[in-house]
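Okay, here's the structure, questions in a sec.
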2 protein chains.
Amino acid sequence: MNLEIGPINKSSLSKQVADQLQEAILEGTLKADDRLPTEDELAQRFQVSRPTIREALKRLAAKNLIRSRRGPTGGSFVNHLGKNELSEHLTTASTLFVSMNQVSLDEISATRLEMESYCFRLASQHRTDEDVELLKQHLTHQKNRNISPEEFCAADVRFHRAIADASHNKMLSFIMYTLIEALQPVSNMIAYRFRERDIITSQHERIFNAIHDQDANLACAILAEQIDYLQQLHEDARASHQA
Amino acid sequence: MNLEIGPINKSSLSKQVADQLQEAILEGTLKADDRLPTEDELAQRFQVSRPTIREALKRLAAKNLIRSRRGPTGGSFVNHLGKNELSEHLTTASTLFVSMNQVSLDEISATRLEMESYCFRLASQHRTDEDVELLKQHLTHQKNRNISPEEFCAADVRFHRAIADASHNKMLSFIMYTLIEALQPVSNMIAYRFRERDIITSQHERIFNAIHDQDANLACAILAEQIDYLQQLHEDARASHQA
DNA sequence: TACGTTAATTTGTAATACAAATATAAAATA
DNA sequence: TATTTTATATTTGTATTACAAATTAACGTA
């Protein structure tokens, strides 16, 4: 005779606590930089033990919703979640998706061509002087042959993100961050040779000039060229890998 | 005299453990449905206590990377992360971003028009009979006036996702899921009135027919119409809210 | 006033015990 | 013998307690 009536608490306590706190953050009851009660207080309020509270907090920390500090002024604080703060999410989600779902380079390339072209059109229209300046800086850094492959990739990401930001459409920019992350494996491929690096950066320079001159069509054409080039490289690598 | 040399372990133990396990999952050492060692074993291997291991596991659970079950055959198992499994991430990330960064409806609408139009073009080309059948089901369900507002929204999400999937570009589909989530507030707005619901569903029906007939241009035109309509509704709501 | 020391607060980690769920094997019953 | 029930072992879930580490604030001293 199972007479349990009402909503049965099937999930674990730590998850229930985490969900309630997340709800509070989402609906604005807990605002950015607000300090949560101490773990002991939370334990009392929710009527659970401190380890349970901690597991709940770690769940939120994994989602980058909160941060923790020790000491008298310490505690758990709500994070302000902008594009950059949320990007870690997207990074892992995007990377996982690409690596676990056999997404072909063709699919990624086609999506990129479509979306980044749209960015170029918007960026050509709406770019400010600050946008141009920022792009210039990233480009200059990427041109430097002394930086490591990892740093080259990071600079590449920054360049593409800056273009997305230059569209001045926050939603588009946010989504582009996901896509840019998916392209990292390809970027990794070319980061180790100066020849390929130079070709990419020179293409970036031409794209930069086109956007600076507000010539979206030209920028898109160069993008198509770059994507073709990357796919060719990928094809070659695959061929030589078989041999 | 702080002589600590080498990479300093700044982050907490539970985070370090979580990162190592995540790395193993990401690089394929731990594959989908693999069972992790028991918490006691993990505690011994990492030379930390069981609560620490548990905090690490909860971090991964929050990211939906693992699931846990009790009992003899229980333990923690690696999740297979497809679009649907990762969607919870995107849901929260996207919802948070929209709610915390003052993304305007204009920005969302413009992005949606561009990207969903691309989906329509691809879907018109590549749709299979199964795609059509699935869309038909979702549409039929959404037309039913007896379903609750919540169920209406859910059906709306399914319909748009199905169209994205019909593009047969997994990368695009994945990204679209993020965007569809961002549209939920708007969808919520219209879910409570039959008049608005009927208008939306009739537009969906026309879009469905257009894709069925492989007429991408028509589908895109109806989409533009729908987006205009939603923006108009939003504008009206804002105006009456001021008064 | 300036500076070092101490104390208080809060998270981080550990150890241990027990509860709850669940599958497997054993035992009792028809 | 077949089937159901019962015990039992395993593993996660939760609670309790204690202490370590970090960090700030207050205090005392030169």
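Reminder, nothing fancy here: chain letters follow the sequence lines and each chain counts from 1. This structure is a prediction, so every number in the text was calculated from the model and none was measured.
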Next on the checklist: Determine whether a donor-acceptor pair (N or O, by modelled atom type, separation under 3.5 Å) exists between the side chain of A:Thr140 and the backbone of A:Lys136.
Outcome noted: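 Flag set: sc A:Thr140 to bb A:Lys136 pair under 3.5 Å.
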Checklist entry - If only atom types and distance count, is the side chain of A:Asn79 paired as donor or acceptor with the main-chain N or O of A:Asn64 below 3.5 Å? => result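 Side chain of A:Asn79 to backbone of A:Asn64: a pair is present.
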Item to check | Contact interval (first through last nucleotide) of DNA chain C with protein chain A, 4.0 Å heavy-atom | outcome: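 Contact span on the strand: C:dA8 to C:dT13.
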Checklist entry - Atom CD of A:Gln44 to atom C1' of D:dT16: distance rounded to whole Å? => result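 Interatomic distance, CD of A:Gln44 to C1' of D:dT16: 14 Å.
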Checklist entry - Is there a donor-acceptor contact under 3.5 Å from the side chain of B:Arg67 to the main chain of B:Val78? => result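 Yes, the answer is positive, given that a donor and an acceptor are paired below the 3.5 Å cut-off.
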Next on the checklist: Go through it in stages, so that I can follow the logic: the residues are B:His168 and B:Leu122, the test is side-chain contact (heavy atoms from CB on, under 4.5 Å), and I'd like the CA-CA distance, side-chain angles, deciding distance and then a yes or no.
Outcome noted: CA-CA 8 Å; B:His168 291 274; B:Leu122 289 180; over 6 Å; no
Checklist entry - Does A:Lys170 offer a backbone N or O that forms a donor-acceptor pair with the side chain of B:Glu107 under 3.5 Å? => result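 Confirmed, B:Glu107 side chain pairs with A:Lys170 backbone.
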Next on the checklist: In this structure, how many angstroms lie between the C1' atom of D:dA15 and the CZ atom of A:Phe46, rounded?
Outcome noted: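 So the two atoms are 17 Å apart, to the nearest Å.
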Checklist entry - For B:Glu41 and D:dT11, what is the distance between atoms CD and P respectively, to the nearest whole Å? => result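 The answer, rounded to whole Å, is 8 Å.
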Checklist entry - Backbone N or O of A:Thr128 within a donor-acceptor pair of the A:Asp131 side chain at under 3.5 Å? => result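 Yes.
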Checklist entry - Any side-chain N or O of B:Lys58 less than 4.0 Å from the OP1 or OP2 oxygen of D:dG13? => result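 Checking D:dG13 against B:Lys58, a side-chain N or O does come within under 4.0 Å of OP1 or OP2.
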Checklist entry - Is B:Ser187 reaching over with its side chain to a backbone N or O of B:Leu183, donor-acceptor style, under 3.5 angstrom? => result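 Pair absent, no side-chain N/O of B:Ser187 close to backbone of B:Leu183.
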Next on the checklist: Whole angstroms only, please: what is the CD1-P distance between B:Ile53 and D:dG13?
Outcome noted: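 After rounding, the gap between these two atoms is 13 Å.
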Checklist entry - Think B:Arg50 has a side-chain N or O under 4.0 angstrom from the OP1 or OP2 of D:dT14? => result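 Checking D:dT14 against B:Arg50, no side-chain N or O comes under 4.0 Å of OP1 or OP2.
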Next on the checklist: Less than 3.5 Å apart, any donor N or O on the side chain of A:Thr52 or A:Ser14 sitting next to an acceptor on the other?
Outcome noted: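 There is no such pair (donor and acceptor under 3.5 Å, judged by atom type) between the side chains of A:Thr52 and A:Ser14.
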Checklist entry - Of B:Leu36 and B:Pro51, whose nearest nucleotide on DNA chain D comes first from the 5' end? => result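 On the 5' side of the pair lies B:Leu36.
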Checklist entry - Can you tell me how far C1' of D:dG13 sits from CG of B:Asp40, to the nearest Å? => result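 Rounded to the whole Å, the gap is 13 Å.
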Checklist entry - Is it the case that more than 12 heavy atoms not belonging to A:Gln44 sit under 6.0 Å from its CD atom? => result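 Result for CD/A:Gln44: open.
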Checklist entry - Going by heavy atoms closer than 4.0 Å, what residues in residues 67-76 of chain A are next to DNA chain C? => result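 Within this stretch, A:Ser68, A:Arg69, A:Arg70, A:Gly71, A:Pro72, A:Gly75 sit under 4.0 Å of the strand.
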